[in-house]
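Encoded as structure tokens, the structure appears first; notes follow it.
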Amino acid sequence: MTLSSNPLTRLIDRVSKVHPNELKATIISFAIIFILMASYFVLRPVRDAMASDWSDSEVSFLWNLQFFISIAIVSLYGLIISKLKFKNVVPLVYTAFAVSFLAFYFLVPLFPDPTLVEKSFYVWVSAFSLFHISVFWSFMADTFNKEQSKRVFSIVAAGASLGAIVGPAIPTIFAEKLGLDNLMLIAAVGLMLVVPLVIYMYRLKSEDLLNEALEADLSQAKLNAQWWTGFKAVVTNKTLLGIAAFILLYVFIGSFVYFEQKNLLADYSRADRTQILGSIDWITNTLTFVLAFFVTGRMATKLGMAATLALVPFIIMAGMIVLAFAPIIVVLLALQVTRRAGNYAVTRPAREMLFTDVTKDERFKAKPVIDIVVYRGGDAVSGSIFALLSEGLGLGLAAISLVGAGIAAAWGALAVYLGRKYDGIGERITAIKKEA
């Protein structure tokens, strides 16, 4: 029985639009992001447990420090990958993170007062939380071609959701027996398991996906020698500048919803808040998993990128308007679930498809600038803007929701622009192939 005649393969093709020759690469990619996210969610409770021993001012200082450290890490990353053969970049990144967590595992018990090491760990895990996923999606954009990404990326994104479900279960069930230090060890082992899978994906790229002719040939290519080209590209390349603005607007909306959620939950007990927020996580992850398998891939191929990218922003805009006139917890929580599930299942994989239209150097050097530095900068700026509107100008929830609706409208308009540009390039490539 051939692969294409396999009943399971035909079912997957019918449900998700993944083609038989892409199935193995899709499963491996799913496994990689599942392990990465599970490893991160093993580490996150360890990080947050440490933070409970520090004052609010100490944690606030670390948050601000993260932005500047993110700039340093991305700059160092740009310098290192400029000196290496491209095929070694991704395995090296995950190996380096695994070694770093092993180092923390051995260092923390050696200090009578491990506070400094623990704070370093806190900042490092926060950097890892964005960096590892940025590198992964760069790798995906460099493995699947533009047409394949529309069908495959949503399925791969579902692996992230599953990892986010399974990962927290490990510290929840075993933290007391294993101890926090051993959870670092588990995460390090998980990252090392990713490395052979990444190496195997290089083989599938040429043998199964037939993408050895992609511009970003990982076998021999080197990147631009200057470490700063990623930062320069973000401000000089219109496509990258548009993606950076897209990220900023997304972060702004996320911050507005987060602070409004925090304020509306203030009247509830801590136990009730925990139950409500836990329900949001469960509903979000479940919706993400379903949407990723059955909706996103079909949406991108049937409706195009403009509609796919703009869907969530315009839904959020409408939700913000409803919240302005009905500022109640049920509306806000529905808005939060829609925003998060829509981002994980639809907006994020669609946004990552945009990076199939940029050069190799931009994909691996400018992308971390956008995903990490721009993101962290957006956190800092949007939090200050919300505080200014609420505490400085004294605006209430209704007025702030209308401001958020305006931001969401701008986010949606930018999504339409980026999507149309992406679709237009794809149409031109298809026309050229037909003429040839």
Side-chain angles (χ1 to χ4, degrees), residues 149-150 153-154 157 161 238-239 241-261 264 280 283-284 286-288 290-292 294-355 357 370 374-375 378 382 385-386 389 397-426:
S149 68
K150 290 183 177 182
F153 277 17
S154 60
S161 299
K238 290 184 179 180
T239 298
L241 188 61
I243 297 173
F246 186 87
I247 292 293
L248 273 179
L249 292 172
Y250 163 74
V251 173
F252 279 17
I253 287 295
S255 296
F256 272 48
V257 175
Y258 174 81
F259 279 106
E260 290 181 348
Q261 171 186 282
L264 280 179
I280 290 177
I283 294 171
T284 297
T286 303
L287 277 177
T288 300
V290 172
L291 288 172
F294 298 104
V295 178
T296 307
R298 293 177 179 272
M299 185 184 301
T301 54
K302 297 290 185 180
L303 302 181
M305 280 290 286
T308 304
L309 276 174
L311 176 65
V312 173
F314 285 132
I315 289 177
I316 296 302
M317 180 190 71
M320 284 286 193
I321 294 174
V322 172
L323 184 64
F325 292 96
I328 57 177
I329 190 66
V330 174
V331 174
L332 178 64
L333 296 184
L335 182 64
Q336 180 72 304
V337 169
T338 301
R339 183 190 71 84
R340 290 175 56 185
N343 174 63
Y344 297 147
V346 180
T347 307
R348 180 66 192 249
R351 171 166 60 86
E352 298 301 342
M353 295 176 198
L354 298 176
F355 285 97
D357 267 340
I370 294 173
V374 172
Y375 194 107
S382 59
I385 290 175
F386 189 95
L389 293 175
L397 179 60
I400 292 176
S401 296
L402 290 177
V403 174
I407 295 175
W411 185 28
L414 179 58
V416 171
Y417 167 77
L418 291 173
R420 285 179 175 174
K421 184 176 181 181
Y422 179 92
D423 289 334
I425 292 174

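Keep in mind it's a predicted model, so treat the numbers as computed, not measured. Reckoned from all heavy atoms, side chains included, excluding hydrogens, waters and symmetry mates. Count residues from 1 along the sequence.
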Of all pairs that satisfy side chain to side chain donor-acceptor pair (under 3.5 Å), the ones with a partner from residues 317-333, not counting sequence neighbours:
none

Nearest 0.5 Å please: distance from the CZ atom of F246 over to the CG atom of L309.
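That separation rounds to 5.0 Å.
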
Show the atom names and distances, to 0.1 Å, of all donor-acceptor pairs under 3.5 Å that link a side chain in residues 329-338 to residues at least two apart or in another chain.
| residue | atom | partner | partner atom | Å |
| --- | --- | --- | --- | --- |
| Q336 | OE1 | R339 | NE | 3.0 |
| Q336 | OE1 | R339 | NH2 | 3.1 |
| Q336 | NE2 | Q261 | OE1 | 3.0 |
| T338 | OG1 | A334 | O | 2.8 |

[X]: side chain to side chain contact (heavy atoms under 4.5 Å, CB included) partners, not counting sequence neighbours:
X: A245; result: L414
X: V416; result: A310, F314, R420
X: V374; result: A244, I247, L248
X: V403; result: F256, L389, I407

Check whether any side-chain heavy atom of L418 sits under 4.5 Å from a side-chain heavy atom of R351, and report yes or no.
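L418 vs R351: side chains apart.
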
Going through the distances and angles, do L354 and M305 end up as a side-chain contact (heavy atoms from CB on, under 4.5 Å)?
CA-CA 9 Å; L354 298 176; M305 280 290 286; 3.8 Å; yes

Where [X] and [Y] come nearest, the two heavy atoms and their spacing:
X: M320; Y: G404; answer: CG-C, 4.1 Å
X: I316; Y: W411; answer: CG1-CZ3, 4.4 Å
X: S401; Y: L323; answer: OG-CD2, 3.5 Å

Quick one: ring pair (Phe, Tyr, Trp, His ring centres under 6.0 Å) partners of F252, sequence neighbours excluded?
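Counting only residues at least two positions away or on another chain, F252 forms no ring pair (Phe, Tyr, Trp, His ring centres under 6.0 Å).
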
